[in-house]
Amino acid sequence: MQAKTVFFDLDGTLTRSGEGIMNSARWAAEQMGCRQAPEDWSVFIGPPLHDSFRKYCGMNDADAVEAVRLFRVRYDEAGWSENEVYTGIPKLLRTLRQSGIQLAIVTSKAEKFTLRIAERFGLSPYMSGIIGPDLSEKHPDKAHLIRRAMEQFPGPYVMVGDRIFDIEGAKACGIASIGVLYGYGTLEEFESAGAVAASPDELLTLLAGEGCQAPGLFLSMEGVDGCGKSTQTAALTEEMRRLGWHIVMTREPGGDEIAEKIRHLILDPANTEMRDVTEAYLYAASRAQNARALIMPTLKNGDLVICDRYVDSSIAYQGGGRELGVDKIRQLNAWATENCMPDLTVYLRMEPHQALARRLNASEPDRLEREKDSFFERTFEAYEALYAGPDGGRVVTVDASAPIGAVTEEMLRKVRMRLAELAAGV
Ligand code: TYD
């Protein structure tokens with residue numbers, strides 16, 4: 001479908017926002033002492049709230065105005081964040097932007113909430129505009145909003161939405177529309193839509209054509225043993241899922257079946273005779289396999305790779321810890337990975353003595369974890385030196401010595417900021 005600008009509805013099209021909307025509508029109706037209630041509160045998702053309170057709760061005009069006000073109180077506090085981006089949306093938005101198509105959100109949701117959600121859930125960097133009613137507009141009508149959007153951006157346009165209001169609004173403005181079936185609408189609502197899409201991937205094909213895809217995103221996690229990497233990797237993965245990424249998780253040493261076999265070889269406590277150089281090659285071998293079998297194909301498909309340790313670990317542990325030399329390890333790994341490096345690396349920074357205290361409380365150590373303190377000190381120093389140089393540009397450093405919750409908070413805040421910068425550069 002030919003478009004210079006694509007308008008997206010928000011709720012049910014970009015975000016699965018139902019929970020926050022339903023909770024807030026139910027709460028507002030309860031506060032009003034309302035006796036009439038819809039069987040399913042999902043009818044509130046999408047259409048103008050004022051109309052819904054009248055239609056489903058039997059309110060008169062004045063009560064509906066008050067209910068909308070109350071809705072916004074609850075929504076302001078909690079409802080707006082009871083939300084997540086549909087899987088595949090970041091890939092869609094990145095690809096459209098890369099194809100030179102302008103994007104805007106056109107929604108009957110109050111503009112200040114749309115702005116907050118778009119910011120929190122990483123949608124803003126892709127958008128050239130956000131068009132919504134201001135709080136004084138009591139009866140926001142989709143056609144009116146679309147018309148306003150059309151004044152700001154070049155055509156041809158396509159309106160994408162999950163409800164009949166989006167499709168009829170587009171029709172009233174004489175522009176094309178696509179109905180999405182993964183949102184809150186039903187197939188019957190899309191009779192007059194130009195096309196329907198069952199998933200963000202189908203939407204991508206409709207809007208950008210077959211085979212058109214922006215490269216995905218590559219995140220890695222780094223830090224010395226005991227820095228809390230597993231817990232924080234899980235938290236980051238959950239956050240990225242909420243932001244709509246399709247995720248392939250991997251760890252090094254390891255990855256696919258072959259790379260996992262190499263992992264066992266490296267970490268087996270019985271292999272006390274393994275030479276340092278052998279170890280360095282095995283890590284690089286595992287990585288060569290993982291990069292080709294998992295990482296590169298995932299990125300090519302426009303998806304997200306989260307890798308628990310990558311090249312930087314070899315630079316720090318083998319280059320620094322084993323004193324094999326940073327440059328040699330770098331060269332070896334450049335070949336192993338064809339220079340495929342992360343877009344963003346989270347460095348969980350922890351001084352070696354703190355990491356040691358944590359490790360002493362942990363489970364049975366593997367071969368690497370049995371190393372002497374001086375090994376971990378050199379490893380730590382090598383990380384520090386690496387990130388003080390040009391590689392620091394892709395790194396988000398987080399103080400991992402703080403309590404777990406605080407580390408997660410700092411990490412997610414910094415990662416979101418960096419993702420926004422990366423998205424703006426697409
Ligand atoms: P990992 O499985 O991440 O251990 P943990 O979850 O306990 O942090 O890593 C296993 C060990 O392998 C760890 O001690 C770090 C080491 N390692 C290297 O020495 N070089 C490398 O290139 C990689 C990826 C890991």
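If you read the sequence from its start, that first residue is 1, and numbering goes on from there. Atoms within a ligand are numbered from 1 in the order they appear, just like the ligands themselves. Because the structure is a prediction, the values reported are computed rather than measured.
Using a 4.0 Å cut-off to heavy atoms of S313, the atoms of ligand 1 that qualify are 20 (N), 21 (C), 22 (O), 23 (C), 24 (C). Each of the atoms 3 (O), 6 (O), 8 (O) of ligand 1 lies under 4.0 Å from some heavy atom of K229. The contact set between ligand 1 and R263, taken as ligand atoms under 4.0 Å from a residue heavy atom, comprises 2 (O). Every atom of ligand 1 with a heavy atom of R287 under 4.0 Å away is listed here by number and element: 21 (C), 22 (O), 24 (C). Those atoms of ligand 1 with a heavy atom of P253 less than 4.0 angstrom away are 24 (C), 25 (C). For ligand 1, the atoms lying closer than 4.0 Å to a non-hydrogen atom of E252 are 24 (C).
When heavy-atom distances to ligand 1 are checked against a 4.0 Å cut-off, Q318 comes that close only through its side chain, counted from C-beta outward.
Because its NZ or CZ atom is not both nearer than 6.0 Å to the ring centre of Y281 and within 45° of the ring axis, R275 does not count as a cation-pi partner of that residue.
Contact detail for R163 and V43: the closest heavy-atom pair is NH1-O, 4.3 Å.
A donor-acceptor contact closer than 3.5 angstrom is absent between the side chains of Q213 and T95.
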Would you sort out whether E252 and N290 count as a side-chain hydrogen bond (donor to acceptor under 3.5 Å, both in side chains), showing the intermediate values? CA-CA 8 Å; E252 294 203 344; N290 197 26; 3.1 Å; yes

Take F44 and F53, measure what ring pair (Phe, Tyr, Trp, His ring centres under 6.0 Å) needs, and give me the verdict at the end. CA-CA 8 Å; F44 271 80; F53 279 118; 4.8 Å; yes

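For atom 22 (O) of ligand 1, the closest heavy atom belonging to the protein is S314 OG, 2.5 Å. Protein heavy atom at the shortest distance from atom 7 (O) of ligand 1 is E369 OE2, 3.1 Å. Counting protein heavy atoms only, atom 12 (O) of ligand 1 is closest to Y283 OH, 3.0 Å. At the shortest separation from atom 13 (C) of ligand 1 among protein heavy atoms lies D225 OD2, 3.4 Å.
With T13 contributing its side chain and L10 its backbone, the two residues share no donor-acceptor pair below 3.5 Å. At least one donor-acceptor pair closer than 3.5 Å links the side chain of Y184 to the backbone N or O of G18.
Among T233, L267, D312, the residue whose heavy atom sits closest to atom 11 (C) of ligand 1 is L267. One option in E279, M221, R309 has a heavy atom closer to atom 1 (P) of ligand 1 than any other, and that option is R309.
Residue pairs meeting the ring-ring contact (aromatic ring centres under 6.0 Å, His included) criterion with at least one member in residues 73-95, sequence neighbours excluded, are F71-Y75, Y75-F113, Y86-Y182.
Between R418 and K414, every side-chain heavy-atom pair lies at or beyond the 4.5 Å cut-off.
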